[in-house]
Structures are given as C-alpha cells and as structure tokens.
Amino acid sequence: MKLSLVAGIVTLVIALSFGLQRNFSPLGGLFPDAVLTVLTLLGIVMIIRGIREPARERPFAGIAASGLLAAIAILAVWVFSLGVAGFVISGLVFFLITALFLRERPVRIRVVLVDAAISTLFVVGIYLIFTRVLLIPLPQAPF
Amino acid sequence: MLELLVDAVIQNLSPGLFILIILGVIGGMALGAMPGLSVTVGLALLLPITFTMDPVSGLVLMGAFYMGAVYGGAFTSILVNAPGTPSSIATAFDGYPMTRQGRSEEAIVGVTIASVIGGLAGVAGLIFFAPLLANFVLNFGPQEYFWIGIFGLTMIASLAARSLVLGLIGGFLGLLLSSVGVAPVGGDVRFTFGFTYLQGGVPLIVALIGLFTVPVIIDMIANPGARHAEMMDGGGRGGAGVVWSTVRDVLSRPMNLIRSSVIGTVVGALPGAGGNIANLIAYNEAKRTSKRSERFGKGEVDGVVAPETANNAVVGAGLIPLLTLGIPGAPPDAVIYGVLLLHGLRPGPDLFVAQGPLVFTFMVSIAIAAIVMIPVGLIAGRALQRAVVSMPTRYLAPAIVLLTIVGSYAVRNNVADVGLMLLLGIAGYVLRELGIHPATIVLGLVLGPIIETGLVQGLLAASGLETPWTSFFTRPISLVIIAMTILAALWPLWVSRRDQRAREMQEEG
C-alpha cells in the first residue's frame with residue numbers, strides 16, 4: 001500500500017478514536033475540537049494524495065519483519081515483567097537475553113557467563129546508584 | 001555595582017565555593033545525562049543537602065548544578081538520541097545524526113562551547129538587563145503566550161523534510177496528545193479512554209523517551225550491524241585536532257551564538273516558557289537563517305550549537321523574574337525559590353538592596369559554573385562519548401533500555417508510565433516509517449499546553465468585550481509575534497522559490 005494512503009488512514013483512525021471520546025464543556029472542548037478538525041482534514045488530504053499520486057515509497061520497505069518483531073517482543077515482555085519480577089530480576093534476565101540475541105558468533109557457555117557478568121554489573125550498578133545514592137525508588141518484585 | 005561584581009568574583013574563587021561549583025557542575029552533568037531525570041528532580045534531590053549550608057554556599061551549589069544539568073542533557077541527546085532533559089530536544093535532531101556519522105566528538109565539543117557562551121550570555125542578561133527584561137515580560141498576557149506557541153509551531157516547516165502535510169500531522173498529533181488528561185482551564189477530563197491513570201496526562205519526559213529513544217533501540221536490536229557500519233562510514237575523525245577545528249568552526253559563525261543567546265535570554269525571562277521552548281525556537285531560527293540550512297537534520301554542528309546556547313542562556317535569564325519579581329519562571333527556579341525562602345530571603349526588588357553581596361555572588365557563581373564546564377565537559381564529556389561509541393551494540397542496546405525504564409518510571413514512580421513509554425515508542429517507530437518525524441509530535445506536545453492555556457485564558461480575560469477573540473489581534477506585542485509567525489511560516493516557501501529560480505537561471509545560463 002502507498003505511504004501517503006497508509007499515513008492518511010492512520011491519521012483518520014487516530015482522529016476518530018479520539019473524537020469518539022469527546023464529551024466536554026464548551027471551554028474544555030475548544031482546543032481539542034480545533035485540533036481534531038485539522039487532523040481529520042490533514043488525514044483526508046493524505047488519502048487523496050495517496051489515491052492520486054503514483055506509488056514512490058512504501059512503508060517498512062527494507063526492514064526485516066523477524067528482527068522488528070523480535071525487538072518489539074523483547075521490549076514488551078521486559079516492560080511487562082517489571083510489575084511481576086521487579087527491576088533487578090527482569091533487568092538481569094532481559095539484559096542477558098538481548099546481549100545473547102545480538103551476538104553474531106555462536107553462543108557458548110563461556111560467552112553466556114561473560115554476558116551474565118556484564119548484565120549483573122550494569123543492572124545492579126544502575127539499581128544501586130538510583131536507589132541508594134539518588135534515593136529514587138525502582139520497581140520492586142512483589143515477592 | 002562594579003564593586004559588588006568584583007567582590008562576588010573574589011568570593012567565588014575562594015577554595016570552598018570554587019570546589020562547590022566544580023562538584024555542582026559534575027553532579028549536574030551526571031544527572032542531566034540520565035534520560036528522564038529532569039533538572040527539577042536533580043535540584044529537588046540536592047535540596048536537603050543545602051539545609052545545612054549557609055545561604056551563599058547553598059545557592060552557589062544549586063546554581064552550578066542547574067547549569068551542569070542543562071549541559072549534561074545534551075550528551076544522551078547526541079549519543080543515543082535520548083534527550084536527557086526537555087531542554088535538549090532539538091539537540092538530538094542533528095546530534096544523533098552526527099554520532100551515526102562518527103562525529104560525536106565534534107558534537108560534544110560544539111555543545112560545550114555553545115553551553116559556555118549561552119550560560120555567560122544568560123548571566124549577563126541577568127546582571128545587566130534584569131529590570132528592563134522584567135518590565136518587558138510583565139506585558140505578556142495569555143494572548144502573547146498563545147501567539148508564542150503558534151510561532152513555535154512554524155518550526156514544523158523546518159522539521160518536515162519529506163512533506164509539510166506529514167509534518168503538520170505530527171504536530172497536531174502532539175497537540176492532541178497534550179490535551180489528554182485534565183484540561184488546564186476548566187478541569188474537563190479528556191481522552192482517558194476509561195483509564196483513570198491517564199487523567200494526569202501524557203508526561204513530557206515519558207513521551208520524549210518513548211518517541212526518540214525506543215525507535216533507536218528497536219533499530220539496534222532489529223539490525224545490530226547497522227550502527228557500527230554507519231559510524232565506520234562516517235570516518236570518525238577524532239583526537240585533539242577535533243577540539244580546535246570545532247572551536248574555530250563554531251566561532252567562525254558568531255551570529256548563530258549571538259542569536260541563540262538572545263533567544264535563550266528573552267524566552268528564559270518569560271515565566272512559563274523556559275529551556276523546553278528556547279531550544280526549539282533557537283534551532284528553528286538557526287536553520288531558517290543558515291546558509292547551510294539543507295544540512296540541518298542530517299548532522300550539522302550549528303544544529304547542536306543553537307539549542308545548547310539557548311538552553312544554557314535560560315539558566316541565568318530564568319532567574320530574572322525570580323529575583324526581580326519573586327516569580328519562579330520555570331520549575332527549577334521554583335526549587336531555588338524554596339532555597340531562598342528556607343534561608344529567610346524573600347525574592348523581589350528589595351533582595352538586590354538588602355542582600356546585594358549574596359545576590360551578586362549567586363549570579364557570578366553561575367557564570368563561573370559556565371566557564372568550569374569547559375574542562376569538565378571536555379574531559380568527562382569526551383570520556384562518556386568514547387565509552388558509548390566504543391561499547392558493543394549488544395551491551396549498549398540493553399543498557400539504554402535500562403535507562404529508559406528508570407527515566408520513565410522515575411517521573412511518577414509508576415510502572416504504567418514505562419508501558420506508556422513503550423507504547424509511544426512503538427507508535428513513534430511506525431509513524432517514523434510513515435514519514436512523520438517524532439520531533440514534530442514532541443513539538444506539539446510541548447507547545448500544546450501553552451497554546452491551549454493562552455487561548456482559553458485569553459478568551460476568559462477578554463470576556464467583557466463583545467467579541468473576545470479580537471483581543472488576540474489588537475495588543476501590540478501580539479501583533480509583533482503574529483508578524484514574526486507569518487514571516488517564519490512564509491520563509492521556507494520563499495527559500496524554496498529562490499532556490500528554484502536560481503536553478504532555472506543556472507539551467508538557462
């Protein structure tokens with residue numbers, strides 16, 4: 001699908017999803033209503049442009065879907081695990097998984113141990129700096 | 001006044017205060033370089049330490065820390081596309097492309113010079129023009145703030161390299177995001193999608209980290225070889241030669257430094273504006289007036305110099321409304337206001353008379369802190385730059401993830417903010433692939449509250465008039481800003497026509 005067309009459709013979907021939420025006083029709705037109106041018009045312009053212009057660019061061209069999905073999956077599970085396992089445990093696990101995933105050479109026991117040591121250094125180091133020195137709390141494991 | 005200034009310099013160079021300035025700059029730099037930890041958070045963390053100090057030492061430490069933190073925010077903007085503070089948003093536009101080209105050292109040296117000059121300019125504005133600027137900013141009402149916000153939106157034209165319509169979509173998406181939560185005037189709860197958590201709105205820091213940094217992390221994990229290959233392609237010149245050649249290069253265009261210093265000083269003196277706005281306006285003006293405007297966004301050193309000059313000028317200038325009128329213009333100034341009150345000092349015109357030596361020592365200490373940034377920045381800043389550049393992607397990517405988690409969590413101590421950061425990051429990645437620059441969304445998010453508050457308050461303030469909206473077009477300062485807005489909006493069109501005409505003439509010739 002053409003880039004302009006996709007951009008236009010995405011814009012209209014966002015404007016519509018926000019528009020369906022609106023239930024404001026005249027004063028509270030003044031600004032968001034103006035923004036939603038302009039956004040809708042811009043979405044329509046992009047759709048018209050997408051229909052009329054020849055396809056020059058396509059979104060996500062040249063990006064490996066497997067790598068992209070792996071990146072999003074790692075980040076999503078890491079963030080989700082924060083509430084379950086806390087900063088330190090989730091950090092240790094996913095720092096190591098990411099480091100091993102990004103290794104180009106075959107993974108051997110020695111490599112795992114080195115990466116595990118570096119993961120521990122980073123995660124525990126950052127945890128101690130923030131919680132002990134700067135006194136900023138970080139997510140804790142509920143157990 | 002000259003006598004007070006000389007005494008202040010002598011006092012600041014005493015070993016005790018000078019060491020405090022160095023420690024403040026280093027501490028501020030370290031904190032500013034951490035994405036998500038704002039200057040205000042850093043100053044608030046420092047506040048208890050100042051309880052036990054005498055007023056001069058406490059204020060000097062706070063001032064040096066403030067200056068260092070604003071400067072430190074540039075490092076992560078440049079090195080990993082994660083603005084350490086909202087004052088360094090625009091620094092990432094050219095800073096990160098410079099890193100990708102292997103020119104991060106040049107960028108670090110550039111921001112160091114810029115920060116020093118901007119910091120000194122802001123203090124000069126504070127010392128010599130404080131009463132004048134204070135009287136000027138008192139004439140700013142909601143209408144003027146509304147037009148300043150609209151003026152800021154003209155920057156979309158500069159940021160939208162691919163298409164103006166796509167840039168406008170990004171800007172208006174940002175404005176829409178800024179209206180999530182409780183309305184600034186009236187108290188309506190808007191666009192929460194049934195989540196009470198969203199009543200607090202979308203925190204700027206969370207959005208910044210998500211929109212700028214998460215797409216970079218996704219790129220690193222999805223295509224780990226690309227970062228190294230790009231930096232190698234860039235050549236990566238380094239060494240002592242970079243320092244002097246960059247210093248000469250930056251100083252060879254003094255107008256960029258002067259313009260950005262003036263922007264930072266004037267915007268800094270406006271209560272409610274601050275470094276968030278100043279760095280964006282300075283970037284836009286630098287690009288608009290540069291002879292090398294086509295290089296902006298692709299790794300132009302002036303693109304990091306302009307925002308960093310302006311945001312450091314804000315440090316000194318932001319104290320103008322605080323010290324002269326007793327109005328903290330920005331959240332960090334409110335913390336300094338707290339320190340002053342804690343020691344029984346009431347900001348206002350009388351402060352300069354009753355506590356002249358103390359006020360001048362404080363103001364001069366900020367200027368000295370700016371100068372101290374040269375050795376500190378060139379040693380510590382370049383060490384950090386080398387560490388990040390030489391770090392393998394397999395460790396750098398998860399290390400950045402850790403910092404993004406900490407930064408977004410620390411805003412409200414809420415795991416949901418980390419989830420929101422990731423969601424915005426993935427959305428930012430998709431929108432970037434569709435041609436919508438994340439910076440346009442952030443621009444809308446920053447300017448949204450200023451525009452909306454100005455609009456609604458302006459209409460309410462003029463409700464006695466038959467047609468309240470006319471008040472936006474009749475005030476003298478508003479008219480000047482409207483004229484500037486029209487000029488800024490038409491400028492890219494004029495440049496484009498001029499270039500086209502030049503090309504046509506070349507072809508004919």
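The sequence lines fix the lettering, A, B, ..., with proteins before strands; numbering per chain opens at 1.
- Using a 4.5 Å cut-off between heavy atoms, L68(A) touches chain B through backbone and side chain atoms alike.
- Residue contact with chain B, scored on non-hydrogen atoms closer than 4.5 Å, involves the side chain of I74(A) exclusively.
- Residues I14(A) and L176(B) are in side-chain contact: their nearest non-hydrogen atoms beyond the backbone lie under 4.5 Å apart.
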Test side-chain contact (heavy atoms from CB on, under 4.5 Å) on V10(A) and L431(B) and set out the steps. CA-CA 9 Å; V10(A) 168; L431(B) 292 173; 4.2 Å; yes

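- Remark: Y197(B) OH is packed, more than 12 non-hydrogen atoms of other residues, nucleotides or ligands lying under 6.0 Å away.
- Rounding to the nearest 0.5 Å places CG of L82(A) at 9.0 Å from OH of Y409(B).
- With chain A as partner, the option from V415(B), L455(B), L422(B), I451(B) having the largest number of non-hydrogen pairs under 4.5 angstrom is L422(B).
- If you take CZ on F95(A) and CZ on R394(B), they are separated by 10.5 Å, rounding to the nearest 0.5 Å.
- For the atom pair CD1 of I169(B) and CG of L39(A), the computed distance is 7.0 Å after rounding to the nearest 0.5 Å.
- The closest side-chain heavy-atom distance from L459(B) to L30(A) is below 4.5 Å.
- Taking all atoms of both residues into account, the shortest heavy-atom contact from A410(B) to I136(A) is CB-CG2, 3.9 Å.
- Nearest heavy atoms, R190(B) versus G28(A): NH1-O, 2.8 Å.
- Residues of residues 117-125 of chain A having a heavy atom under 4.5 Å from any heavy atom of chain B, listed by number: I118(A), F122(A), V123(A).
- Interatomic distance, CG of L36(A) versus CZ of F191(B), reported as 4.5 Å (0.5 Å rounding).
- Proximity to chain B (any heavy atom under 4.5 Å) is shown, for F18(A), by both the backbone and the side chain.
- Checked by atom type and distance alone, the side chain of Q21(A) pairs as donor or acceptor with a backbone atom of F193(B) at under 3.5 Å.
- Between S179(B) and P32(A), the shortest heavy-atom distance links the atoms OG-CB, 4.1 Å.
- For the atom pair L166(B) CG and L3(A) CG, the distance stands at 7.0 Å (nearest 0.5 Å).
- The greatest number of non-hydrogen atom pairs below 4.5 Å with chain A, out of A399(B), P398(B), G425(B), is found for P398(B).
- L173(B) CG to T11(A) OG1: the interatomic distance, rounded to the nearest 0.5 Å, is 6.0 Å.
- Looking only at heavy-atom pairs under 4.5 Å with chain B, the residue among P137(A), A70(A), A76(A), G83(A) that has the most is P137(A).
- A 6.0 Å sphere centred on CZ of F101(A) holds more than 12 heavy atoms belonging to other residues, nucleotides or ligands.
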Start with the C-alpha gap between T98(A) and Y395(B), add the side-chain angles, then the distance that decides, and say whether side-chain contact (heavy atoms from CB on, under 4.5 Å) holds. CA-CA 8 Å; T98(A) 313; Y395(B) 301 133; over 6 Å; no

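- Pairing each heavy atom of L434(B) with each of V6(A), the nearest pair is CD2-CG1, 3.4 Å.
- The contact between V430(B) and chain A is made by backbone and side chain atoms together, counting heavy-atom distances below 4.5 Å.
- The residue among V456(B), V401(B), T192(B), L168(B) with the most heavy atom pairs within less than 4.5 Å of chain A is V401(B).
- Within the 4.5 angstrom heavy-atom criterion, only side-chain atoms of F87(A), from C-beta onward, approach chain B.
- The contact between L75(A) and chain B is made by backbone and side chain atoms together, counting heavy-atom distances below 4.5 Å.
- Proximity to chain B (any heavy atom under 4.5 Å) is shown, for L27(A), by both the backbone and the side chain.
- Using a 4.5 Å heavy-atom cutoff, the side chains of T40(A) and F172(B) are not in contact.
- Among the candidates N413(B), I405(B), I217(B), the residue making the largest number of heavy-atom pairs closer than 4.5 Å to chain A is I405(B).
- With a threshold of 4.5 angstrom between heavy atoms, S25(A) approaches chain B through its backbone and through its side chain.
- Residue I109(A) qualifies as open at atom CD1: its count of foreign heavy atoms under 6.0 Å is 12 or below.
- Between the side chain of D188(B) and the backbone N or O of F24(A), no donor-acceptor pair lies under 3.5 Å.
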